[in-house]
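Because only heavy atoms are used, hydrogens play no part in the values below, and waters and symmetry mates are left out as well, while side chains stay in. Below, chains carry the letters A, B, ... as their sequence lines are ordered, and counting in each starts from 1.
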Protein chains: 2
Amino acid sequence: MKVSSRGEYALRALIALGLQEGNVSTIADISGQTLVPAAYLEQILLQLKMLGYLKSRRGKKGGYMLAKAPDQIVIGEVIRSLEGPLAPMGCVSITSYEACPLEGTCLLKPFWALIRDSIAQLLDQTTLAHLIERKL
Amino acid sequence: MKVSSRGEYALRALIALGLQEGNVSTIADISGQTLVPAAYLEQILLQLKMLGYLKSRRGKKGGYMLAKAPDQIVIGEVIRSLEGPLAPMGCVSITSYEACPLEGTCLLKPFWALIRDSIAQLLDQTTLAHLIERKL
DNA sequence: TCGATACCTGAGTATGTTAGTCAACATAAT
DNA sequence: ATTATGTTGACTAACATACTCAGGTATCGA
């Protein structure tokens, strides 16, 4: 049930940028604060930008900043974008359902569904603002 | 947040055996009911036996059966044995904690802890008996 | 006792994922 | 022009996943 380092790193970066309130931060800055290797962080920031969470400015005095207000950034969406569905099994995934031959009689499916609901509810009701303000 | 096929297959096998109430089932039988490839299932059953969940009898008329009552088999324990800790990150794992350099100031840790609690509570309060009796 | 039927053991393998690195390029400010 | 920055895409080492397969060993029934 692990979250990959990529997902963890992305959230760390979003938090670091959220704490900057509008100022741009360079990759080196963010790398320093989050302890994510700069070259790897670069990839992740680019992906977050393509997903619409970040804006960037090139050249000298360039850097990254949030593209949305922290309370508009839903953690569940971020994780799904970076790691795929939250559901523990394809047969109970809403965003990328996969059929299973046991489907009809499977005694596990309702159980997996319970777990998916529990995880999704937590992640989808939490925003970057909640994390930054320590309001969980 | 995926569960591996190994974990899913193990639970399918336990359910199949739980429905047999004391009768032995051959690998081929279980493979037929669960749709898990027989040679792969063999490995998994062996592991479940080593973990104390199953008993086996060799030779003709041989096969596998549960070693415990279904209400003594906790799903959380099975998953942990097969896939490692339930926690999404090492820094909030109870069974295999790993330190993190950000520890003190990390705004994510309390969030991961919430998720770990939620998952662990569900998995640790569910037994094989619950699954078989459809009582979730 | 013999042979068929099972479980047991350990090695091997194809594929994919993770967690990165690196080199070269494009753009903006001074 | 120079320099600091983001951008792009290729590359790689290590590991995990999801299996297969070849043989060995125990037990039952005839």
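- Rounded to whole angstrom, the span from the CE atom of B:M65 across to the P atom of C:dC7 amounts to 11 Å.
- In terms of phosphate contacts, A:T26 brings no side-chain nitrogen or oxygen within less than 4.0 Å of OP1 or OP2 of D:dA4.
- Protein atom CG of A:L82 is 14 Å distant from nucleotide atom C1' of C:dA19, rounded to whole Å.
- The interatomic distance linking A:K55 (NZ) with D:dT5 (C1') rounds to 18 Å, in whole Å.
- The distance from atom OH of A:Y64 to atom CD1 of A:I30, rounded to the nearest 0.5 Å, is 8.0 Å.
- For residues 47-56 of chain A, there are no salt bridge (charged side-chain N to carboxylate O under 4.0 Å, His left out) pairs, not counting sequence neighbours.
- Taking all atoms of both residues into account, the shortest heavy-atom contact from B:I73 to B:L66 is CD1-CD2, 4.1 Å.
- Residue A:K49 is classed as a sugar-phosphate contact, given heavy-atom separations below 4.0 Å to backbone atoms only.
- In this structure, the side chains of B:I79 and B:L11 come closer than 4.5 Å at one or more pairs of heavy atoms.
- Remark: P of C:dA19 and CD1 of A:I44 are 9 Å apart, rounded to the nearest angstrom.
- Contacts of residues 11-19 of chain B with DNA chain C (heavy atom under 4.0 Å): none.
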Side-chain donor-acceptor pairs of residues 93-100 of chain A under 3.5 Å, sequence neighbours excluded:
from: A:S93; atom 1: OG; to: A:S96; atom 2: N; distance (Å): 2.9
from: A:Y97; atom 1: OH; to: A:E103; atom 2: OE1; distance (Å): 3.0

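- In this structure B:D71 satisfies the salt bridge (charged side-chain N to carboxylate O under 4.0 Å, His left out) test with no other residue, sequence neighbours excluded.
- Contacts classified as salt bridge (charged side-chain N to carboxylate O under 4.0 Å, His left out) and involving residues 114-136 of chain B (residues at least two apart or in different chains) are given here: B:R80-B:D124.
- Rounded to whole Å, atom P of C:dA6 lies 14 Å from atom CG of B:L45.
- Taken together through direct or relayed side-chain contacts under 4.5 Å among Ile, Leu, Val, Met, Phe, Trp and Tyr, B:V74 and B:L123 form parts of separate hydrophobic clusters.
- The CD atom of A:Q47 sits 13 Å away from the P atom of C:dA19 (whole-angstrom rounding).
- Among the atoms of the strands shown, only primed sugar atoms or phosphate atoms (P, OP1, OP2) are found under 4.0 Å from some heavy atom of B:I27.
- Within the model, atoms CD1 of A:I119 and CG of A:L114 stand 10.5 Å from one another, a figure rounded to the nearest 0.5 Å.
- For the pair A:E83 CD and C:dT18 C1', the interatomic distance rounds to 11 Å; values are reported in whole Å.
- The nearest whole Å value for the distance from the CE atom in A:M1 to the P atom in D:dT17 is 14 Å.
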Original post:
Can you give one letter per nucleotide of nucleotides 18-30 of chain D, going 5' to 3': B for a protein heavy atom under 4.0 Å from the base, S for sugar-phosphate only, - for none?
Top reply: BBB----BBBBS-
